[in-house]
Novice: 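After the structure tokens below, expect a handful of questions from me.
This is a predicted model, so every value here is computed, not measured.
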Amino acid sequence: KYLEIVTGAMIFFNIDSLLDTIERQNVVMIYVADEATDEQTSQLGLDLDLMENLENVEFVLGSWLKPFGRQFFDAIVSNPPYIDANDAHMPNLATEPERALVADKKGLADLEDIIIQAKKHLTVNGWVVLEHGYDQADAVQHLFKQAGYKQVRTVKDYGGNDRVTL
């Protein structure tokens with residue numbers, strides 16, 4: 001069972017790529033929204049009725065892993081907000097909702113929340129895979145290790161930047 005935590009407009013891209021990648025496995029996707037209303041989800045372009053008709057995919061609105069009680073996952077994947085509010089790139093990113101981009105603690109707050117919460121929701125050999133800023137690999141590795149994860153490593157993106165830590 002796989003969980004993808006999504007924010008912002010990338011939800012539809014993530015659904016397609018995730019389904020192609022795992023070929024119809026049991027998938028849960030959570031769209032991070034604090035008590036989102038139907039009006040808010042329609043403004044985000046989310047057709048929850050359409051999404052509910054996809055086989056093997058469950059959609060949840062909530063805050064990170066809080067809605068999952070005692071559920072366990074083989075992999076938890078996310079591209080959470082990781083940009084500092086004062087980052088020089090922010091003016092060029094106006095097409096995404098700010099909540100999908102910006103996190104407190106110099107962009108590390110949401111990454112830290114996921115790392116800590118995910119520990120309670122992984123199967124024995126489960127993985128947490130997180131995208132982060134090109135300059136955050138050391139800090140994210142530290143967060144993983146501080147939370148007790150083993151075999152932590154960072155993978156470079158196609159541009160040669162440290163971009164994903166697992």
Novice: Using 30° and 60° as the class boundaries, would you call the ring planes of Tyr134 and His89 parallel, tilted or perpendicular?
Specialist: perpendicular
Novice: Closest heavy-atom contact between Tyr2 and Phe73?
Specialist: C-CD2, 4.0 Å
Novice: Got a second to check how far Phe68's CZ is from Gln117's CD, nearest 0.5 Å?
Specialist: 10.5 Å
Novice: Do Thr123 and Asp74 touch side chain to side chain, with heavy atoms closer than 4.5 Å?
Specialist: yes
Novice: Atom CG of residue position Asp104 - does it have more than 12 heavy atoms of other residues, nucleotides or ligands inside 6.0 Å?
Specialist: no
Novice: What's the separation between atom OG1 in Thr165 and atom NZ in Lys145, rounded to the nearest 0.5 Å?
Specialist: 9.5 Å
Novice: Can you tell if the side chain of Val140 reaches within under 4.5 Å of the side chain of Leu108, non-hydrogen atoms only?
Specialist: yes
Novice: Quick check: are there more than 12 heavy atoms from other residues, nucleotides or ligands sitting under 6.0 Å from CG of Asp157?
Specialist: yes
Novice: After noting the C-alpha distance and the side-chain angles of Ile116 and Glu112, does the key distance pass the side chain to side chain contact (heavy atoms under 4.5 Å, CB included) rule?
Specialist: CA-CA 6 Å; Ile116 291 168; Glu112 182 177 25; 3.7 Å; yes
Novice: Find out whether Leu166 and Arg153 are in side-chain contact, i.e. whether some heavy atom of one side chain is under 4.5 Å from a heavy atom of the other.
Specialist: yes
Novice: To check you understand the geometry: which heavy-atom pair defines the closest contact between Met90 and Glu98, and what is its length?
Specialist: CE-CG, 4.3 Å
Novice: Thinking salt bridges, do Asp84 and Lys106 make one under a 4.0 Å N-O criterion?
Specialist: no
Novice: Rounded to the nearest 0.5 Å, what's the gap from NE2 on His132 to CD1 on Ile83? Could you check?
Specialist: 13.5 Å
Novice: Mark yes when over 12 heavy atoms from residues, nucleotides or ligands other than Asn92 sit less than 6.0 Å from its CG; otherwise mark no.
Specialist: yes
Novice: If you define the side chain from C-beta out and look only at heavy atoms, does anything of Leu101 sit under 4.5 Å from Pro81?
Specialist: no
Novice: Of Val155, Asn79, Ile76, Val77, which meets side-chain contact (heavy atoms from CB on, under 4.5 Å) against Val129?
Specialist: Val77
Novice: Measure from NZ or CZ of Lys119 to the centre of the six-membered ring of Tyr149 and say whether it is under 6.0 Å with the direction within 45° of the ring axis.
Specialist: yes
Novice: Please examine the side chains of Leu130 and Val164, heavy atoms only from C-beta on, and report whether any two atoms are closer than 4.5 Å.
Specialist: no
Novice: In Å, rounded to the nearest 0.5 Å, how long is the span from CG of Asn161 to CD of Gln136?
Specialist: 12.0 Å
Novice: For the CG atom of Asp113 and the OG atom of Ser78, what is their distance to the nearest 0.5 Å?
Specialist: 11.0 Å
Novice: Who passes ring-ring contact (aromatic ring centres under 6.0 Å, His included) against Tyr82, sequence neighbours left out?
Specialist: none
Novice: Which heavy atom in Glu131 sits nearest to a heavy atom in Pro80, and how many Å separate them?
Specialist: O-CD, 3.6 Å
Novice: With a 4.5 Å limit on heavy-atom distance, are the side chains of Val124 and Phe72 in contact?
Specialist: no
Novice: Does either side chain, that of Asp162 or that of Thr154, offer a donor lying less than 3.5 Å from an acceptor on the other one?
Specialist: no
Novice: Are the side chains of His121 and Arg70 in contact, using a 4.5 Å heavy-atom criterion?
Specialist: no
Novice: What verdict does the side chain to side chain contact (heavy atoms under 4.5 Å, CB included) test give for Ile5 and Leu65, after you've listed the backbone C-alpha separation in whole Å, the side-chain angles of each residue and the deciding distance to 0.1 Å?
Specialist: CA-CA 8 Å; Ile5 304 170; Leu65 288 104; 3.8 Å; yes
Novice: Find out whether Arg163 and Lys156 are in side-chain contact, i.e. whether some heavy atom of one side chain is under 4.5 Å from a heavy atom of the other.
Specialist: no
